[in-house]
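All residue numbers in this chain count up from 1 along the given sequence. Fair warning: this is a prediction, and the values are worked out from it, not measured in the lab.
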Amino acid sequence: MIEANGIAHIQLTVKSVAASRGFYHRLLHETFGMAIQYDAPGIFYCIGGRTGVLIRDAAPEHARTPFDQWRIGLHHFCFRLRSREDVDALHASMRAFGAKIIRAGEEGPWAPGYYSCLFEDPDGIRIEALFIPGSGNLDRIKDKPLTPVG
């Protein structure tokens with residue numbers, strides 16, 4: 001068995017990096033303090049917190065295709081934060097920036113102490129941020145199926 005050591009990076013295809021850059025600069029660089037690795041026409045890439053997030057322009061023939069989280073592919077992605085206060089601070093930052101907020105910080109049934117907020121990027125890609133005390137579901141015994149809490 002090979003044990004994964006997290007996700008190194010995620011690459012998102014957006015309609016226009018020029019249109020989405022401000023959002024991702026605010027989220028990744030200004031709010032999370034991630035270092036900018038690439039910032040050029042058609043690409044914006046930040047790393048930090050043991051991960052990387054890259055956005056890239058869609059191919060011209062797909063630039064008008066709207067994002068749909070229920071199609072095959074990405075549904076949403078989620079950052080793990082260090083406290084409930086960090087979740088609330090991120091929500092406030094994204095609200096002040098004008099991001100579309102789906103929900104403010106609230107508890108969820110997926111793990112004991114699960115607390116998260118949810119918002120969208122300019123293309124409607126959903127981004128969640130959560131805090132779970134301790135290791136959350138990672139504390140469970142390996143190979144034991146997880147069931148929702150609550």
Report task. Starting from the C-alpha separation in whole Å, work towards a yes-or-no answer on side chain to side chain donor-acceptor pair (under 3.5 Å) for Gln69 and His76. Result -> CA-CA 7 Å; Gln69 71 182 70; His76 76 281; 5.9 Å; no
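- Cluster annotation: Phe67 and Leu54 are assigned to distinct hydrophobic clusters (Ile/Leu/Val/Met/Phe/Trp/Tyr, side-chain heavy-atom contacts under 4.5 Å, transitive).
- For Glu120 against Ile102, the heavy-atom pair with the smallest separation is OE2-CD1, 3.6 Å.
- Residues Phe79 and Leu74 fall within the same hydrophobic cluster, defined by Ile, Leu, Val, Met, Phe, Trp and Tyr side chains chained together at heavy-atom separations under 4.5 Å.
- Note: His25 and His29 have tilted aromatic rings, judged against thresholds of 30 and 60 degrees for the angle between ring planes.
- Phe97 does not carry Arg26 over the face of its six-membered ring by the limits of under 6.0 Å from the centre and within 45° of the normal.
- One hydrophobic cluster holds both Ile125 and Phe119 under the rule that ILVMFWY side chains link at heavy-atom gaps under 4.5 Å.
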Report task. For Met34 and Leu27, run side chain to side chain contact (heavy atoms under 4.5 Å, CB included): C-alpha distance rounded to whole Å, both residues' side-chain angles, the deciding distance at 0.1 Å, then the answer. Result -> CA-CA 9 Å; Met34 296 171 81; Leu27 174 65; over 6 Å; no
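- Rounding to the nearest 0.5 Å gives a distance of 13.5 Å between CG of Asp86 and CZ of Arg80.
- Using a 4.5 Å cut-off between side-chain heavy atoms of Ile, Leu, Val, Met, Phe, Trp and Tyr, with links allowed through other members, Leu130 and Ile127 fall into different hydrophobic clusters.
- Using a 4.5 Å cut-off on side-chain heavy atoms (C-beta onward), Arg126 and Leu118 make contact.
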Query raised in the report: Can you check side chain to side chain contact (heavy atoms under 4.5 Å, CB included) on Arg64 and Lys15, steps first, answer last?
Result: CA-CA 7 Å; Arg64 295 187 191 277; Lys15 289 180 185 177; over 6 Å; no
Requested in this report: Check the pair Ile55, Ile43 against side chain to side chain contact (heavy atoms under 4.5 Å, CB included), reporting the backbone distance first and the verdict last.
Outcome: CA-CA 6 Å; Ile55 62 170; Ile43 190 168; over 6 Å; no
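- Arg82 CZ: 12 or fewer foreign heavy atoms inside a 6.0 Å radius.
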Query raised in the report: Please walk me through it: do Thr65 and Arg71 pass side chain to side chain contact (heavy atoms under 4.5 Å, CB included)?
Result: CA-CA 12 Å; Thr65 304; Arg71 271 190 239 171; 3.4 Å; yes
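- Open room surrounds OH on Tyr38; 12 or fewer heavy atoms of other groups in view lie less than 6.0 Å from it.
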Requested in this report: Could you give me the CA-CA distance, side-chain angles and deciding distance for Arg21 and Asp39, then say whether salt bridge (Lys or Arg N to Asp or Glu O under 4.0 Å) is met?
Outcome: CA-CA 9 Å; Arg21 184 194 178 282; Asp39 189 359; 2.6 Å; yes
Query raised in the report: Stepwise, does the salt bridge (Lys or Arg N to Asp or Glu O under 4.0 Å) test hold for Arg84 with Glu106?
Result: CA-CA 9 Å; Arg84 289 173 66 109; Glu106 68 180 27; over 6 Å; no
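- Inter-residue side-chain proximity for Ile10 and Thr51 is flagged as unmet; no heavy-atom pair is nearer than 4.5 Å.
- To the nearest 0.5 Å, atoms CD (Gln37) and CD1 (Ile47) are separated by 3.5 Å.
- Residues Ala19 and Pro122 approach most closely at O-CG, 4.2 Å, considering heavy atoms.
- Closest approach of Pro133 to Pro112, counting heavy atoms only: CD-O, 3.7 Å.
- Interatomic distance, OG1 of Thr31 versus CE of Met94, reported as 4.5 Å (0.5 Å rounding).
- Val53 and Tyr45 make their closest contact through O-CD1, 3.2 Å (heavy atoms, listed as atom of the first residue, atom of the second, distance).
- Distance NE2/His9 to CZ/Arg50: 15.0 Å, rounded to 0.5 Å.
- Here the closest non-hydrogen pair linking Leu81 and Ala129 is CD1-CB, 3.7 Å.
- Within the model, atoms CG of Leu90 and CZ of Phe131 stand 14.5 Å from one another, a figure rounded to the nearest 0.5 Å.
- A distance-only check finds a donor-acceptor pair linking the side chain of Asp68 to the backbone of Trp70 [under 3.5 Å].
- Asp88 and Tyr115 share a donor-acceptor pair across their side chains, judged by distance under 3.5 Å alone.
- Ser116 and Arg103 are linked by a side-chain donor-acceptor pair at a separation below 3.5 angstrom, with hydrogens and angles left out of the test.
- When all heavy atoms are compared, the tightest approach of Gly105 to Cys117 is N-CB, 3.8 Å.
- In the hydrophobic clustering of this structure, Phe23 groups with Phe32; members are Ile, Leu, Val, Met, Phe, Trp, Tyr whose side-chain heavy atoms approach within less than 4.5 Å, directly or through other members.
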